[in-house]
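Every chain is numbered from 1, with letters handed out A, B, ... down the list of sequences.
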There are 2 protein chains.
Amino acid sequence: MFSLSEENYLKAIFHLQKHSTAGVSTNALAEEMQTKASSVTDMVKKLSDKKLVVYKKYQGVYLSESGRKTALKIIRKHRLWEVFLVEKLNFSWDEVHDVAEELEHIKSEKLISELDKFLDYPKRDPHGDPIPDAQGDFQVANKTLLSDLSTGEKGTLVGVKDTSSEFLKYLDKNKIALGKTIEVMDQEKFDGSMLIQIEKNRLRVSTQVTANIYIKI
Amino acid sequence: MFSLSEENYLKAIFHLQKHSTAGVSTNALAEEMQTKASSVTDMVKKLSDKKLVVYKKYQGVYLSESGRKTALKIIRKHRLWEVFLVEKLNFSWDEVHDVAEELEHIKSEKLISELDKFLDYPKRDPHGDPIPDAQGDFQVANKTLLSDLSTGEKGTLVGVKDTSSEFLKYLDKNKIALGKTIEVMDQEKFDGSMLIQIEKNRLRVSTQVTANIYIKI
DNA sequence: ATTTAAATTTAGACAAAACTAAAAATAATT
DNA sequence: AATTATTTTTAGTTTTGTCTAAATTTAAAT
Ligand SMILES: [Mn+2]
Ligand SMILES: [Mn+2]
Ligand SMILES: [Mn+2]
Ligand SMILES: [Mn+2]
């Protein structure tokens, strides 16, 4: 149907457009895709010809309905494969991303519907991100960044914003994991760092950490 | 490491060189790869530059030791994925090939070693073909084509030569499956067709069938 | 309102992997 | 041995996705 490159662009546009209502800029896409702006312009034109995006020169790019659907299909596959790798193949959550980046492009409806069934229809991937169903629907959880909580508030860790291997390994080392209860014990005004209670442990974490952890109150 | 196309060529050369000790001809490779002879020449030169094959103009192509190793790695992945699809995702043996053709190119050592473990180190794929281990070693079963058996001889069905969906569906329809015992009851001299007893069933099969079934006596 | 800076697009080139058409080498026939 | 047929290679294009360098447009700063 679509090339590897086209699929990756659609996914990147999807992720970038979440942050604002404006069109996705050429430079932002180039950064996300690790390529040059000129290459982005070329590809965006092609996607526009295929009616996957809406694009006007210098105005940024928007996903069309069919582009959005295609992006969600790839995201669904990516996240299902991540679940498979963690649940069945003993991968840890910091190891799955690159492999899922490849697996998400395998073309087979049956493969993905059977995988979904095999995994017992998971609702979230190992990083807490929602898995769209076959129709592209998914529930957006009402979650808050840990950095937005005040002293005394508590909730459950339901997701991470930064999914880099480095950050995830830091969390592992400090026994910070999905599903655990976190309470803000104190916040330092100077640098915004927090003292948090996470189950039996109590530790101080920087804003780089608190701004990348999602809490459900 | 290697491109999709390079990997597919190596695999094709591996499969073609099994049949004879001579080099694999350009035309044979073109046929196998569903492409033109001129494209094959180009690619073979590239593989030769990378020391994956030994190639002299007009003399056919041979896999080098490193080319052979690479081919076996891909075949290992292909067959492990086929087992996964059949054993875990309810695919039938005639549905797995195309998907495995894509999955075999996913690059991750851990993925494949964990998949191997998850499947409990299978020795053969759903078509009876041996699965090389991580070192590329595998046992070649001593098997005979059903067409080479004589009346009265019997053995176990251990593999199929033709793995096309059409042939496999024919076998399913007639309850001919891996592991079953087959006995040759009679052979028609005119067209070579055989009357075979397979467990409870008795049926007549053509040479197109008998020449594509492997038996272990 | 100009000027300067930043973002974006165009023009031209390149590598990978394919193709067609023509040339060259090898194999098969007379 | 000479001719013909087949196989294989070369030469020249094409497509996809990328790049650099230059031109253009938009945004920011005097
Ligand atoms: Mn991921
Ligand atoms: Mn994820
Ligand atoms: Mn196969
Ligand atoms: Mn097989």
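- If you check residues 3-12 of chain B against DNA chain C, the residues with a heavy atom closer than 4.0 Å are B:S3, B:S5, B:Y9, listed by number.
- Partners of A:F84 by ring-ring contact (aromatic ring centres under 6.0 Å, His included), not counting sequence neighbours, listed by chain and number: A:W81, B:F84.
- Expressed to the nearest 0.5 Å, how far NZ of A:K117 lies from NZ of A:K110 amounts to 8.0 Å.
- Using modelled atom types and a 3.5 Å distance limit, the side chains of A:H78 and A:D125 yield no donor-acceptor pair.
- Within the 3.5 Å criterion, the main-chain N or O of A:I106 finds a donor-acceptor partner in the side chain of A:K77.
- One atom, CG of B:L29, and another, C1' of C:dA18, lie 15 Å apart when rounded to the nearest Å.
- Both tests pass for A:K88 against the ring of A:F118: distance under 6.0 Å to the centre and angle within 45° of the axis.
- Defined by atom type and a distance below 3.5 Å, a donor-acceptor pair is present between the side-chain atoms of A:S193 and A:D191.
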Using atom names, set out every protein N or O paired with an N or O of nucleotides 4-10 of chain D below 3.5 Å, distance rounded to 0.1 Å.
unit_1	atom_1	unit_2	atom_2	d
D:dT8	OP2	B:N27	N	2.9
D:dT8	OP2	B:N27	ND2	3.4
D:dT9	OP1	B:Y55	OH	2.3
D:dT9	OP1	B:Y58	N	2.9
D:dT9	OP2	B:T26	OG1	2.9
D:dT9	OP2	B:T41	OG1	2.9
D:dT9	O5'	B:Y55	OH	3.4
D:dT10	OP1	B:K57	NZ	2.6
D:dT10	OP2	B:K45	NZ	2.4

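- In this structure, of C:dT20, D:dC19, D:dT18, it is D:dC19 that holds the atom nearest to the side chain of A:K36.
- Rounded to whole angstrom, the span from the CE atom of A:M33 across to the C1' atom of D:dT18 amounts to 11 Å.
- In this model, no donor atom of one side chain and acceptor atom of the other lie less than 3.5 Å apart for A:S25 and A:N27.
- Of the possible donor and acceptor atoms, none in the side chain of A:Q135 sits under 3.5 Å from a partner among the backbone N and O of A:D137.
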